[in-house]
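For reference, the structure discussed in these notes is given below.
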4 protein chains.
Amino acid sequence: MNERGGQKSSTEVDPSDPQERSDCADTSAACKRGRPRSEAVKENVLRAANELLDERGFKAMTIESIAERAGASKVTLYRWWPNKAAIVMEAFLAAYGAKTPWVHTDSVIDDLRAHMIVFVKVLGGRPGVLLAGLAAEGVLDAEVGDAFRTLWIVPRRAEATKSLKKGVASGELRADLDVEAVIDALYGPMYYRLLVKHAPLTRAYALSLWDVVMRGIAATPEARERAGHGAERTPK
Amino acid sequence: MNERGGQKSSTEVDPSDPQERSDCADTSAACKRGRPRSEAVKENVLRAANELLDERGFKAMTIESIAERAGASKVTLYRWWPNKAAIVMEAFLAAYGAKTPWVHTDSVIDDLRAHMIVFVKVLGGRPGVLLAGLAAEGVLDAEVGDAFRTLWIVPRRAEATKSLKKGVASGELRADLDVEAVIDALYGPMYYRLLVKHAPLTRAYALSLWDVVMRGIAATPEARERAGHGAERTPK
Amino acid sequence: MNERGGQKSSTEVDPSDPQERSDCADTSAACKRGRPRSEAVKENVLRAANELLDERGFKAMTIESIAERAGASKVTLYRWWPNKAAIVMEAFLAAYGAKTPWVHTDSVIDDLRAHMIVFVKVLGGRPGVLLAGLAAEGVLDAEVGDAFRTLWIVPRRAEATKSLKKGVASGELRADLDVEAVIDALYGPMYYRLLVKHAPLTRAYALSLWDVVMRGIAATPEARERAGHGAERTPK
Amino acid sequence: MNERGGQKSSTEVDPSDPQERSDCADTSAACKRGRPRSEAVKENVLRAANELLDERGFKAMTIESIAERAGASKVTLYRWWPNKAAIVMEAFLAAYGAKTPWVHTDSVIDDLRAHMIVFVKVLGGRPGVLLAGLAAEGVLDAEVGDAFRTLWIVPRRAEATKSLKKGVASGELRADLDVEAVIDALYGPMYYRLLVKHAPLTRAYALSLWDVVMRGIAATPEARERAGHGAERTPK
DNA sequence: CCTTAATCGAGACGGTACGTCGGGTCTTCGA
DNA sequence: TCGAAGACCCGACGTACCGTCTCGATTAAGG
């Protein structure tokens, strides 16, 4: 996300360093007339947002407070982000965007299981809190909802689709799967607990879900049988 | 916020207490002091809230506008409801609290199927819009979340639990079910689409979910087989 | 506003009539059936008003707080007093209505001196605080102003007029006096300090005023001379 | 209340500081950060306040209505003035701050007479109405009272003190004057009528007061005599 | 005794204004 | 150019009192 990271970190080491302007001495072409955009601002904003998110939560955190904490002006925030959800989204993706990978072995059923375990762990931690705020805000504000789907939901579903189709192709899964519905059957209950908070997001929960769904979509009795014992195979 | 609000809303929205006005008959004389609460106000407020919900949506609707539309004062609203979500909740329950019934035949699998069909239809309509707002607000505001779970989520899950346990007892469903997880597997994906809005809530979707889950939890191959054809049995 | 307010206050001006209950014995038609007014309520209200006046001051004291403190309902207060100033007025008159008497010796100049001394002492104490609140409220609210003038200002000025006219008649004071202006010259500066609070209301202040005015209005050089030493004659 | 308000109003209403905008010329660079205060807003607010004062009077005029009339936001008002009295005070001083000048001829007694005539005319007109509201509010609210004394009462009394001391020095007035009390004897009765409204503020009234007081403070019989005829010398 | 009428408490109610918060926008200066 | 400071309008917040309006309960005089 930040292509100037190297030059950045030298600044960041000492945040109290006042002569940020010596940039132009070493880099030359990039340094045009006028004050260059400060990357430090972005970092300060994201850092401030993260802090406030933890201190006050999504709703109580305001653009105003972020700006103050970051030592930035509100105008600057509005220049780079359309609303507070966008800031949180960026902070979230920067920190956790790569935390829910798919592994691709020769058993799709196992891959799904591994993913579920990772995913429930992510949702159960701090990223889950941010995600819940973003999802909720996305319900109340269409623009935020679009961003949330585009940047978070869709990419992950695409991976899942790929995996499930591979499983169908390999005969591991039933041929008549409603792929979309199956993805929803896997992810849906996780978000349900994340948002409604009627019960905790545990590893056991993820495995129970995986168990039920695998029994329902595995093509062969053997695969079904394997799934049926999944919850017990790996103690929490 | 308003200490009476919580107690109030939980009392007033409870659909199982039809004779709310007869408080004073059984309780002591002290309860009849002062001017009694005007029922007309309550009705006006709920009607106004419903109108504004449709006109502007959950987020854009304000306490102020409800009061104005209802011809009531803000203080009166704050006297009876702790926040706007509580008003919406009460309006919602009054209108749709009994719209997702459970039928209890001798086949639990069929009962679940019937419920899923009814439920997806409710979520796909106006009640779904209100529910989404309430759920989202519940994520952002703990007090609202409590009310949402207590008044909406829990009662429905209790019914589902009863049904599933009956199925287990009758041998129709597998004996080693994780009942809570199965309920989540059924409801979760519905709320997931309701809130994330990545795809529509159709009858076919409900049946696909039911199909997957039933295959995973039915005890006998025959039952599993029945489920496997469920989606096709009833054209949309 | 409240047509009974006027009638009320005229009654209340005379605090020395405790047996209001015996109305029906002498009067006839006016005394109807029904529950008689509770004197206890009146006492509670006046006591509560006095307490709150001391605790919070005139502005911060509200009808609501008086009612609560008195254990009375707001309606009861509004039934008997048109506004909070009327309550304070009644409480004030009951406590201090007779605290600024005129003595009538054979020297009007001495009488004025004695009155000034008494008056400045009253204004400088708790009654002064109440009086200031009443006067200020009377400026901002015409109805209160009327009551203040009628019940407090006018009676005292009438006494003063009587005294001054006597002085003129006896030849002690100049014959061409503008009596009204002289009364204003005596009372005015006292209220000025009471309201503007730029300096304290001391006995010395009262004597200084008396000194200046007496020199200006005494008929004979001897009288003038007597006044000229008045401030010193009685050490503070 | 608003810590800037106090400092502000005392700065801005000082009529002896015409070049308020050139602050930054002499002070440091730090003062010019941010958008400068809009003078137009100030003007609009004061104009609106004046209009509403005439239309509704001091008590019925609200901050809200001023803001609306001025096309300003309430926050902006609260930023610059601590309360409505401060706004009225500023509006008042802007319009009438210089309307009660002191002339200094070689006769202090004549100067006082001239001032009394001017002053009673001011009090009897629109400025008197505003002054009454400010004074009354100052009684009920200590902060307002402070401002009223500091910005209005004290400066005028300082002039009067100067004049009286000159008269004493020149031998025109008695040497043993209690200067403060004499000032109170002159101003007090005017404010008394202004606030209590028991009689009108006429030129004749001012002259009567002047007459009485001058007789009391003039040093020589001749001066006393002059004063004694003052009321007749200048027909109203 | 038993109306009948007034008073009292409690407290709901519509209203107006309060003083504050945050959202976006804009204006100026300095880098 | 960009960015910080901060003024500005706007809309809503939740609260405080106002003055009015039911209620049930209480209290006497008069029938």
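Note on naming: letters A, B, ... go to the chains in the order of the sequence lines (proteins, then strands), and numbering restarts at 1 for each one.
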Note to self: I need the CZ-C1' distance between D:R33 and F:dC2, as an integer number of Å.
What the structure shows: 13 Å
Notebook entry, point to check: Between F:dA7, E:dA12, E:dC8, which nucleotide has the shortest distance from any of its atoms to the side chain of C:W80?
Noted result: E:dC8
Notebook entry, point to check: Nearest-Å distance, OH (A:Y78) to P (F:dG6)?
Noted result: 18 Å
Notebook entry, point to check: Starting at the 5' end of DNA chain F, which residue's closest nucleotide do you reach first, D:A72 or C:V75?
Noted result: D:A72
Next item on the list: State which residues pass side chain to side chain contact (heavy atoms under 4.5 Å, CB included) with D:E51; sequence neighbours excluded, sorted by chain then number.
Entry: D:R47, D:E55, D:R69
Next item on the list: Apply the test side-chain contact (heavy atoms from CB on, under 4.5 Å) to residues B:V139 and A:F58: give CA-CA distance (whole Å), side-chain angles for both, the deciding distance (0.1 Å), then the verdict.
Entry: CA-CA 10 Å; B:V139 172; A:F58 188 91; over 6 Å; no
Next item on the list: Pull out every residue in residues 49-64 of chain B that has a heavy atom closer than 4.0 Å to any atom of DNA chain F, ordered by number, or say none.
Entry: B:T62, B:I63, B:E64
Check: For F:dG3, does either OP1 or OP2 sit under 4.0 Å from a side-chain N or O belonging to A:R79?
Finding: yes
Item checked: Whole-Å gap separating C1' (E:dA17) and CD1 (D:I66) -> 12 Å
Notebook entry, point to check: How is C:S73 classified with respect to the nucleic acid when contacts are heavy atoms under 4.0 Å: base, sugar-phosphate, or nothing?
Noted result: base
Notebook entry, point to check: With a 4.5 Å heavy-atom cut-off, do A:I63 and A:Y78 have their side chains touching?
Noted result: yes
Next item on the list: Nearest-nucleotide wise, let me know which of B:A70 and D:K74 is further upstream toward the 5' end of DNA chain E.
Entry: B:A70
Notebook entry, point to check: Can you check whether C:V88 reaches C:E137 side chain to side chain, under 4.5 Å on heavy atoms?
Noted result: no
Margin query: Are the side chains of D:W80 and D:R37 in contact, using a 4.5 Å heavy-atom criterion?
Written below: yes
Item checked: Whole angstrom value for the distance that separates P of F:dG3 from CD of A:E43 -> 13 Å
Margin query: Can you measure D:L77 atom CG to E:dC18 atom P for me and round it to whole angstrom units?
Written below: 10 Å
Margin query: Do D:I66 and D:M61 have side chains that approach each other closer than 4.5 Å (heavy atoms only, starting at C-beta)?
Written below: yes
Note to self: For a 4.5 angstrom cut-off between non-hydrogen side-chain atoms, does D:L140 reach C:L140?
What the structure shows: yes
Check: When the distance from CG of C:D141 to C1' of F:dC17 is rounded to whole Å, what number comes out?
Finding: 16 Å
Notebook entry, point to check: Rounded to the Å, how far apart are B:E68 CD and E:dG14 P?
Noted result: 13 Å
Next item on the list: Classify the side chain of B:R35 and the base of F:dC21 as holding, or not holding, a donor-acceptor pair under 3.5 Å.
Entry: yes
Checklist line | Interatomic distance where NZ belongs to A:K42 and C1' belongs to F:dC2 [whole Å] | finding: 15 Å
Margin query: Using heavy-atom distances to pick each residue's nearest nucleotide on DNA chain F, tell me which of A:G71 and D:T76 is more 5'.
Written below: A:G71
Item checked: Proximity to the side chain of B:R37 - top-ranked nucleotide from F:dC10, F:dA5, E:dC13 -> E:dC13
